[in-house]
Amino acid sequence: MSFPADRPRRLRSSPAMRRLVAETHVQPSQLVLPMFVAEGRTEVRAISSMPGVVQHTRDSARRAYAEAAELGLGGVMLFGLPERKDAQGSGALDPDGILNVALADARAEVGDDLLVMADLCLDEFTDHGHCGVLDDRGRVDNDTTLGLYAQMGVVQAESGAHVVAPSGMMDGQVGVIRAALDEAGHDETVILAYAAKYASAFYGPFREAVDSSLQGDRKTYQQDPANGREAIREVLLDIEEGADMVMVKPALSYLDLIADVRAAVDVPVAAYNISGELAMVEAAAANGWIDRERAIDEIIVSIRRAGADVVLTYWATEVATRLRAQ
């Protein structure tokens, strides 16, 4: 029997060796925790389709911000759940609206020790559940929505957001938000653009998380899952308009797009490990079909390996806690 000239197994021979030659690493500072803060709630509410994830009260959210900072997470991404909605999503523009007071709470709690990020979209605030306002034919009105996004970005910055993250996939959204922020003196506020956001089946549990009022679907503004080259076009347009960072969402079904975007741009790339991805793992683990912790770690590593500098994940606190214990 001839002796193999190459023996790659040597570099897998022990835990110490595998750690030494690992090509991809996950650090708490690369993780962002998405959080839901509900207006008027006095007790946290578990989200049945997202085990371990809750709708926070303002008080429970403050404790979560402090924990995230103590663990060294990169940031928190806040979503607000208002008690009342209307066709214009006016609660999103109200400085005393739930998202904006949650941003102020977070900034007061952590200062600059943790990045406070704001989802910039109208869908949680509209009674029809779309990411923009509707015209008289019931279609999402792109250009009218842009004016509201610009106002929303300024209010979020004034409420304490370090980062605003437009997620509505309206054409031109980054440019109008950047111009409004700069004009209002918030030229240091970062824009993390949901640049390649797909109309995905994996958002299902998120609808429960935000008490969605969605009527119809979002296929006229979110991207078609069949299209990859289009994602690069969207990303490059957002960077041209002033995006400081770009995001691919979802993550697991679009690892190829994360890699393509990483190769195409020189700004930080984020990816969102979304609700349906969490739900599948939690359901399979609850049935004893997979090793839950190993599956979570493998997913996060795969997103990083594909090229994401930043990973938004509901497991951020758990993963960071385990990393610190290693």
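If you're wondering where the values come from, they're calculated on a predicted model, not measured in any experiment.
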Less than 3.5 Å apart, which donor and acceptor atoms pair up between the side chains of residues 299-308 and the rest of the protein, not counting sequence neighbours?
{"from": "Ser302", "atom 1": "OG", "to": "Ile299", "atom 2": "O", "distance (Å)": "2.7"}
{"from": "Arg304", "atom 1": "NE", "to": "His25", "atom 2": "O", "distance (Å)": "3.0"}
{"from": "Arg304", "atom 1": "NE", "to": "Gln30", "atom 2": "OE1", "distance (Å)": "3.1"}
{"from": "Arg304", "atom 1": "NH1", "to": "Ala308", "atom 2": "O", "distance (Å)": "2.8"}
{"from": "Arg304", "atom 1": "NH2", "to": "His25", "atom 2": "O", "distance (Å)": "3.0"}

Name the atoms and distances for all side-chain donor-acceptor pairs under 3.5 Å in residues 249-260, with sequence neighbours left out.
none

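Nearest heavy-atom pair across Val110 and Ala66 is CG1-N, 4.3 Å. When all heavy atoms are compared, the tightest approach of Ala196 to Val235 is CB-CG2, 4.4 Å. Gln173 and Tyr194 get closest at one heavy-atom pair: NE2-O, 4.3 Å. For the residue pair Leu114 and Tyr65, the shortest heavy atom distance occurs at CD2-O, 3.7 Å. A pairwise comparison of heavy atoms in Val54 and Ala46 identifies CG1-CA, 4.1 Å as the closest pair. Residue Ala64 comes nearest to Met35 through the heavy atom pair CB-CE, 3.5 Å, listed as atom of the first residue, atom of the second, then distance.
The closest side-chain heavy-atom distance from Leu323 to Gln326 is below 4.5 Å. Side-chain contact between Met152 and Val155 is absent, with no heavy-atom pair separated by less than 4.5 Å. Contact check for Leu78 versus Asp119: no side-chain heavy atoms found under the 4.5 Å cut-off. The shortest distance between side-chain heavy atoms of Phe125 and Gln88 does not fall below 4.5 Å. Using a 4.5 Å heavy-atom threshold, the side chains of Arg262 and Asp309 count as touching. Using a 4.5 Å heavy-atom threshold, the side chains of Thr220 and Arg139 count as separate. The shortest side-chain heavy-atom distance between Glu240 and Leu236 does not fall under the 4.5 Å cut-off. The side-chain heavy atoms of Trp315 and Leu33, taken from C-beta on, include no pair separated by under 4.5 Å.
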- Message: Go through it in stages, so that I can follow the logic: the residues are Tyr149 and Leu122, the test is side-chain contact (heavy atoms from CB on, under 4.5 Å), and I'd like the CA-CA distance, side-chain angles, deciding distance and then a yes or no.
- Response: CA-CA 8 Å; Tyr149 282 4; Leu122 294 175; 3.9 Å; yes
- Message: The test is side-chain contact (heavy atoms from CB on, under 4.5 Å); show your working for Val32 and Met117 and say whether it passes.
- Response: CA-CA 9 Å; Val32 171; Met117 305 182 178; 3.9 Å; yes
- List the steps, then state whether side-chain contact (heavy atoms from CB on, under 4.5 Å) holds for Leu103 with Gln156. CA-CA 7 Å; Leu103 292 168; Gln156 289 180 344; 3.9 Å; yes
- Item | Pair Leu148-Leu93, side-chain contact (heavy atoms from CB on, under 4.5 Å): steps then yes or no | CA-CA 8 Å; Leu148 298 178; Leu93 306 180; 3.8 Å; yes
- Query: Between Arg178 and Asp182, does a salt bridge (Lys or Arg N to Asp or Glu O under 4.0 Å) hold up when you go through it step by step?
  - Reply: CA-CA 6 Å; Arg178 181 74 273 160; Asp182 291 353; 3.1 Å; yes
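Side-chain atoms of Arg62 and His56 form no donor-acceptor pair, as typed in the model, at a separation below 3.5 Å. Side-chain atoms of His130 and Thr126 include no donor-acceptor pair closer than 3.5 Å. Counting only N and O atoms by type, the side chains of Tyr198 and Tyr203 include no donor and acceptor under 3.5 Å apart. Using a 3.5 Å distance cut-off with no hydrogens or angles, the side chains of Gln223 and Asn227 do not pair a donor with an acceptor. For the 3.5 Å distance criterion, the side chains of Asp86 and Ser90 qualify, holding a donor opposite an acceptor.
More than 12 heavy atoms of other residues, nucleotides or ligands sit less than 6.0 Å from atom CG of Asp187. Counting non-hydrogen atoms of other residues, nucleotides and ligands closer than 6.0 Å to CZ of Arg229 gives a total of 12 or fewer. Applying the 6.0 Å contact sphere to CZ of Arg233 captures no more than 12 heavy atoms from other residues, nucleotides or ligands. Under a cut-off of 6.0 angstrom, the local environment of CD in Glu230 is crowded, with over 12 non-hydrogen atoms contributed by other residues, nucleotides or ligands.
Residues Val310 and Ile191 share a single hydrophobic cluster, defined by chaining ILVMFWY side chains whose heavy atoms lie under 4.5 Å apart. Follow the hydrophobic side-chain contacts under 4.5 Å out from Val37 and you reach Ile47 in the same cluster. In terms of hydrophobic clustering, with Ile, Leu, Val, Met, Phe, Trp and Tyr side chains grouped at heavy-atom distances under 4.5 Å, Leu278 and Val319 are assigned to a common cluster. Under a hydrophobic clustering in which Ile, Leu, Val, Met, Phe, Trp and Tyr are joined whenever their side-chain heavy atoms come within less than 4.5 Å, directly or via other members, Val164 and Leu237 fall into different clusters. A continuous path of Ile, Leu, Val, Met, Phe, Trp and Tyr side chains, each step under 4.5 Å between heavy atoms, connects Tyr272 with Met50, placing both in one hydrophobic cluster.
Residue pairs meeting the salt bridge (charged side-chain N to carboxylate O under 4.0 Å, His left out) criterion with at least one partner in residues 315-326, sequence neighbours excluded, are Glu70-Arg324, Arg292-Glu318, Glu293-Arg322, Asp297-Arg322, Glu318-Arg322. Applying the side chain to side chain donor-acceptor pair (under 3.5 Å) rule to pairs touching residues 92-103 yields nothing, sequence neighbours excluded.
Proximity of a side-chain donor or acceptor of Arg41 to a complementary backbone N or O of Val44 within less than 3.5 Å is not detected. Here the side chain of Asp135 pairs a donor or acceptor atom with the backbone of Arg137 at under 3.5 angstrom. At distances below 3.5 Å, at least one donor-acceptor pair connects side-chain atoms of Arg18 with backbone N or O atoms of Arg12. In this structure, Asn142 contributes its side chain and Asp171 its backbone to a donor-acceptor pair below 3.5 Å. No donor-acceptor pair closer than 3.5 Å links the side chain of His162 to the backbone N or O of Val190. Remark: the backbone N or O of Asp141 is not paired with any side-chain donor or acceptor of Thr144 at under 3.5 angstrom. Using a distance-only test at 3.5 Å, with no hydrogens or angles considered, no donor-acceptor pair links the side chain of Ser159 to the main chain of Val101. Glu39 places a side-chain N or O within 3.5 Å of a backbone atom of Glu83 that can act as its donor or acceptor partner.
With sequence neighbours excluded, the residues forming a side-chain contact (heavy atoms from CB on, under 4.5 Å) with Ala157 are Leu181, His186, Thr189, listed by chain and number. Partners of Ala243 under the side-chain contact (heavy atoms from CB on, under 4.5 Å) rule, at least two apart in sequence or in another chain, are Val174, Ala193, Asp238, Val246.
Here the CE-CD1 distance, from Met280 to Ile290, works out to 9.5 Å after rounding to the nearest 0.5 Å. How far NZ of Lys197 is from OG of Ser167: 4.0 Å, rounded to the nearest 0.5 Å. Considering CZ of Arg58 and CG of Asp105, their distance stands at 4.0 Å, rounded to 0.5 Å.
Ring geometry for Phe36 versus Phe79: interplanar angle of 30 to 60°, hence tilted.
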